[in-house]
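Here's the structure we're looking at; comments come further down.
Chain A is the first sequence line, chain B the second, and so forth, proteins listed ahead of strands; every chain is numbered from 1.
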Protein chains: 2
Amino acid sequence: MPRNRADVERDAKQEEILDAASRLFLADGVETTSMTKVASAAGVAKNTVYWYFKDKDALLLAVLGRELRLASGAWEVQAPDLADRMVAVVGLFARIDRLSSAVHARLRTSPLLAEWHARFHAGSDRWLGREIEVHLRSQGQQPLAPEELAAVVRIWTYAIEGLVAHEAPVDEVRRVCRVLVAQLRPTAAS
Amino acid sequence: MPRNRADVERDAKQEEILDAASRLFLADGVETTSMTKVASAAGVAKNTVYWYFKDKDALLLAVLGRELRLASGAWEVQAPDLADRMVAVVGLFARIDRLSSAVHARLRTSPLLAEWHARFHAGSDRWLGREIEVHLRSQGQQPLAPEELAAVVRIWTYAIEGLVAHEAPVDEVRRVCRVLVAQLRPTAAS
DNA sequence: ACCTGAACACCGTTCAAGT
DNA sequence: ACCTGAACACCGTTCAAGT
């Protein structure tokens with residue numbers, strides 16, 4: 001199925017709206033940015049936005065997916081140190097902290113966002129778990145019991161979310177990440 | 001200055017509005033609860049609410065203060081174990097998780113909420129710091145360096161916020177709290 | 001001082017109508 | 001298929017008017 005000019009132009013228009021929404025959502029927050037603002041920044045009537053996106057949640061999700069894809073380039077930061085890698089991840093999320101706070105706020109109202117959120121956490125849990133296991137092995141330390149690993153992954157996840165949400169200054173981010181890594185070892189917390 | 005009948009009735013009316021707001025905010029969330037709903041649940045015209053509370057943020061703050069005061073009775077839970085005490089704290093906050101998510105969502109828009117939030121965290125940081133210091137001493141362990149203690153307090157704070165926000169099931173809360181306590185020791189994370 | 005009805009400027013969303 | 005003007009049912013907040 002070849003992409004004709006119509007297809008390209010459709011994508012272009014959609015991209016313009018996405019651009020506008022992205023810029024406004026990141027800078028001013030999702031709640032503060034009305035659909036009217038998005039539309040007029042994209043140069044269309046406000047109901048036109050609804051032709052391309054089902055509703056505001058769908059628009060948010062599209063912006064989120066796009067920003068995450070953009071970040072995933074820088075994602076594979078191969079700093080040798082795990083703590084440094086975590087600092088980099090917090091840095092990446094700092095850019096989109098207004099988006100994630102909007103997601104958290106609308107979790108109970110929007111099943112669409114709730115599902116996306118669950119999926120996202122499942123993915124990041126796997127990633128974090130592997131990072132931690134690899135780190136321990138490389139340090140010649142004992143691996144963690146599955147239950148303990150799960151708890152540590154939760155702690156790391158909440159730490160990242162907290163640092164991002166509270167816009168922590170870099171040196172605080174660094175200290176927290178270093179302590180997280182330093183505390184890493186089997187404890188046999190029954 | 002004696003409290004006359006007028007004073008009492010004023011407080012009664014204010015209390016009724018606060019009751020209604022409390023019930024609705026906790027059950028349905030702050031965003032979903034309109035001022036109209038609060039007013040009609042309290043049996044007044046909606047603009048009457050504005051006679052008692054400056055705006056919706058002020059109403060949220062009043063509800064928050066009251067719920068926190070109510071909780072502070074159960075606050076001094078003297079479970080002997082620190083991990084158990086943390087589990088209890090998470091339980092207390094679980095009740096008002098819709099309130100705190102609303103606070104976090106409106107932090108950038110409302111200076112009033114931002115100031116309250118900063119004050120609250122300053123208080124809870126001091127409390128957590130003391131709890132951790134006392135625990136280490138009671139276990140005959142070395143105290144943490146000030147910088148490391150500060151980082152650990154951040155980690156614990158974010159863990160509590162995360163568990164509350166994500167409505168974690170009790171056994172997950174227990175596992176996370178146990179691991180947090182078990183990991184507690186000086187690490188000299190440079 | 002306390003409370004109201006009516007209005008204001010918004011909001012997200014929908015719909016009938018145009019091309 | 002794509003886009004619009006106009007409307008809908010809300011929202012938080014304000015204001016002039018009543019007691």
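The environment of CD in A/Gln141 is crowded: more than 12 heavy-atom neighbours from other residues, nucleotides or ligands sit within 6.0 Å.
Linking ILVMFWY residues whenever their side-chain heavy atoms come closer than 4.5 Å, directly or via other members, leaves B/Leu82 and B/Val170 in distinct clusters. Residues B/Val153 and B/Val134 are members of separate hydrophobic clusters, defined by side-chain heavy-atom contacts under 4.5 angstrom among Ile, Leu, Val, Met, Phe, Trp and Tyr.
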* Dot-bracket summary - DNA chain C, pairs being Watson-Crick or G-U whose distances fall under 3.5 Å, with | when paired to another strand -> ||.|||||...|||||.||
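Between B/His117 and A/His166, the angle of the ring planes stays under 30°, which puts this pair in the parallel group of the 30/60° scheme. Ring geometry, A/Phe120 versus A/Trp116: the interplanar angle falls under 30°, so the pair is classed parallel (tilted spans 30 to 60°).
With respect to the salt-bridge test (charged N to carboxylate O, under 4.0 angstrom), the residues B/Glu15 and B/Arg66 qualify. Under 4.0 Å is where a charged nitrogen must lie from a carboxylate oxygen, and between B/Asp28 and B/Arg23 no such pair does. Salt bridge A/Asp125/A/Arg154: present, at least one basic N to carboxylate O contact under 4.0 Å.
Of the listed nucleotides (D/dG12, C/dC11, C/dT13), C/dC11 has the atom at the smallest distance from the side chain of A/Thr36. Set against C/dC3, D/dC3, D/dT13, the side chain of A/Thr48 has D/dC3 as its closest nucleotide. Minimum atom distance to the side chain of A/Ala45 is reached by D/dT4, of the listed D/dT4, D/dT13, C/dC11. For A/Tyr50, taking side-chain heavy atoms from C-beta onward, the closest of the listed nucleotides C/dC11, C/dT14, C/dC3 is C/dT14. Considering only side-chain atoms of B/Trp51, the nucleotide from C/dC2, C/dT13, D/dT13 that sits closest is C/dC2. Distance from the side chain of A/Val44 is smallest to D/dT4 among C/dC11, D/dT4, C/dC3.
Of the residues in residues 21-30 of chain A, none lies under 4.0 Å from DNA chain C by heavy-atom distance.
One can find a donor-acceptor pair under 3.5 Å joining the base of D/dT13 and the side-chain atoms of B/Lys46.
Nearest-nucleotide mapping onto DNA chain C: of B/Gly43 and A/Thr33, the residue sitting toward the 5' end is B/Gly43.
Looking at heavy atoms from C-beta onward, B/Glu161 lies out of side-chain contact with B/Val164 at the 4.5 angstrom threshold.
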* Might you work through the salt bridge (Lys or Arg N to Asp or Glu O under 4.0 Å) test for B/Glu167 and A/Arg108, ending with a clear yes or no? => CA-CA 11 Å; B/Glu167 293 177 315; A/Arg108 271 87 164 195; 3.5 Å; yes
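Each of A/Leu163, A/Leu180, A/Ile160 was compared with A/Met86 under the side chain to side chain contact (heavy atoms under 4.5 Å, CB included) criterion, and only A/Ile160 meets it.
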Review item, nucleotides 17-19 of chain C N/O atoms under 3.5 Å of protein N/O:
none

